[in-house]
Engineer: 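I have a structure here, written as structure tokens, and I will follow up with some questions on it.
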Amino acid sequence: MIDPNLIRSHFPIFQHHPDLVYFDNAATTQRPQTTIDAVSKFYSQRNANIHRGLYSLSTDATAGYESGREKVKDFIGADTVQSIAFTKGTTESINVVANSFLGPRLQPGDNVVISAMEHHSNLIPWQQICLQKKAELRVIPVDKSGELGINNIGDFLDSKTRMLAITHISNTLGTINPVERIVEIAHKNQVPVLIDAAQSICLHPINVDTLACNFLVFSSHKMFGPFGVGVLYVHPDHMEDMLPYNYGGGMVTHVDFHKSSFMAYPHNLEAGTSAIAEVFGLSSAIDYLNNIDRLEASDYVHGLAHYFKERLAEVGTAVVVGSPENCAGIVSFLLDDIHPHDVATFLAEENIAIRAGHHCTQPLLEQMGVKATLRASFSIYNTREEIDHMIAVLKKIQKFWA
Amino acid sequence: MNDRLKALYQKVIMKHSKQPFHFEKKIPCDHIVVANNPVCGDNYNFYIDADTEKIGKIYFHGFGCAISKASNSVLATLISNQDWRDAYQYCNAFLAYLEHKDGADQKPLDPAFEAFSAVHEFPSRMDCATLGWKEVKKFVETHLKKEDIRQ
């Protein structure tokens, strides 16, 4: 059983802000004390640069950093630790795949397929590489309920498709895409698949071995870890195809003035000094997640979203945007014709933190026929009482605006 | 609703946002000035008629919150039919008033500014109130620079 009050006690932000109702988990989660301690402990007890030091502090930092890679590997069920590269986050991971893997093999007339519900970070890197290479970007549409027509996905793929990049969970509508089925369809067409797990990695157990995706990307800060570090998983079949992304120290085997040779993936992507303390923090966040039942946790959070939608029906003409059957703990909605920013300002005065705007999914909102929404996104420290409080405030806002 | 919110969403702003002045796509016109905030998605066009002497009527249309709509409505009310230099002065004065450039107790150039005095207490809403004014100020500035060069 998820005990949100016990979980709350692990997150110091709620001791500093006892009245905070934090419903912006899709933007970033809060961090448990253990994550914060892991970062701080690295700096106070183990701080040194990794990989090149011959003294014990540096070899210890290196070992800790590399054990973080091992922990990520186990967390997502990868076969080998060599598959795991650390990046700045989901956005950088996608840019790396678009430029270091896809770019060199993309020819004029080829195509890349994404869905209409992608975050800008899983749209623009593909759009730009397609523009550069005179390739076509194909977009699988969403229907009114905010779902992809899964049966039509095959229609978008052909012998010229070089990549299918798709989100596991929509950051705006909460739609959970059937990624296993999507990978299967893509692989039947010999198309590699990148899964954007930014919104799912925290509470949805993912196993890359059974999912069989070619690339998986996510950020630490959406899974109770620190900002500034993320993960790129590359299937062993493609590791040799990953070219360097940034050039510099720490990723070379030999350098002279006129040419250089580079280490193999993943080290060829980690030029310069990595976010070392943050990897220690991420590692600790994974420990935290491994200590909870994530299936129970995601059920609990989905239940909160369901409860919120039910209660929202009481608030006059409030409208939920999208109604996917399989929905995560993310709800986009509108309150009458009051602009989302005005509603969010009123909520903020009551210490309720939610997001208003286009959530970096402008084309999706255009398809859904709206310009901006309010978005409530829940996590395991949220409660039904907090939702009741928000509903009461929404009713007050509506009255003020009438 | 607490006093801070009442100060921000006072009656003048609610009235302007519900019944904005000159809120229509007035085409044809001499100039279109775009005010777009990519962060929040606010997007307005100002439809401006103008000759070398003065600005004519200003209309505006688009999408945004109550604060931005009210602020643009006040802009259309105040800047329409101004000569270029007065228009520039109004834009500067409005922005300075909101940003407390001359201190918190400065006198507004026009009483209509006062409706926005509480925006300063909501830093995240400052862009909503100033976006249109900043873009129209740039437009007026460009005209004045051309005039100066000509003279």
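In what follows, chains are A, B, ... by sequence order, proteins preceding strands, each numbered from 1. None of the values given here were measured: they were computed from a predicted structure.
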Engineer: Specify which of B:Leu5, B:Asn2, B:Val39 makes the most heavy-atom pairs with chain A at under 4.5 Å.
Structural biologist: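 Among B:Leu5, B:Asn2, B:Val39, the one with the most close pairs to chain A is B:Leu5.
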Engineer: Could you tell me which portion of B:Lys18 (side chain, backbone, both or neither) has an atom closer than 4.5 angstrom to a non-hydrogen atom of chain A?
Structural biologist: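 Side chain only.
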Engineer: Which one of A:Glu349, A:Lys396, A:His359 has the most heavy-atom pairs closer than 4.5 Å to chain B?
Structural biologist: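 The answer is A:Glu349.
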Engineer: Could you check whether A:Asp388 and A:Tyr307, counting side-chain N and O atoms only, form a donor-acceptor pair closer than 3.5 Å?
Structural biologist: yes
Engineer: Under 4.0 Å between a Lys/Arg side-chain N and an Asp/Glu carboxylate O for B:Lys134 and B:Glu141?
Structural biologist: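 Between B:Glu141 and B:Lys134 there is no salt bridge, as every charged N stays at least 4.0 Å from the carboxylate O atoms.
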Engineer: Would A:Asp342 and B:Arg125 pass as an ion pair if we require N to O under 4.0 Å?
Structural biologist: yes
Engineer: As an exercise: rank A:Ile397, A:Thr345, A:Val393, A:Val343 by heavy-atom pairs under 4.5 Å with chain B and give me the winner.
Structural biologist: A:Thr345
Engineer: Hey, would you say the B:Phe23 and B:Phe60 ring centroids sit under 6.0 Å apart?
Structural biologist: yes
Engineer: Do A:Thr29 and A:Ser379 pair up side chain to side chain, a donor and an acceptor below 3.5 Å, judged on atom types alone?
Structural biologist: no
Engineer: Identify which part of B:Asp42 has an atom lying under 4.5 Å from any heavy atom of chain A, answering side chain, backbone, both or neither.
Structural biologist: side chain
Engineer: Of the backbone (N, CA, C, O) and the side chain (C-beta and beyond), which part of A:Leu365 lies under 4.5 Å from a heavy atom of chain B, both, or neither?
Structural biologist: neither
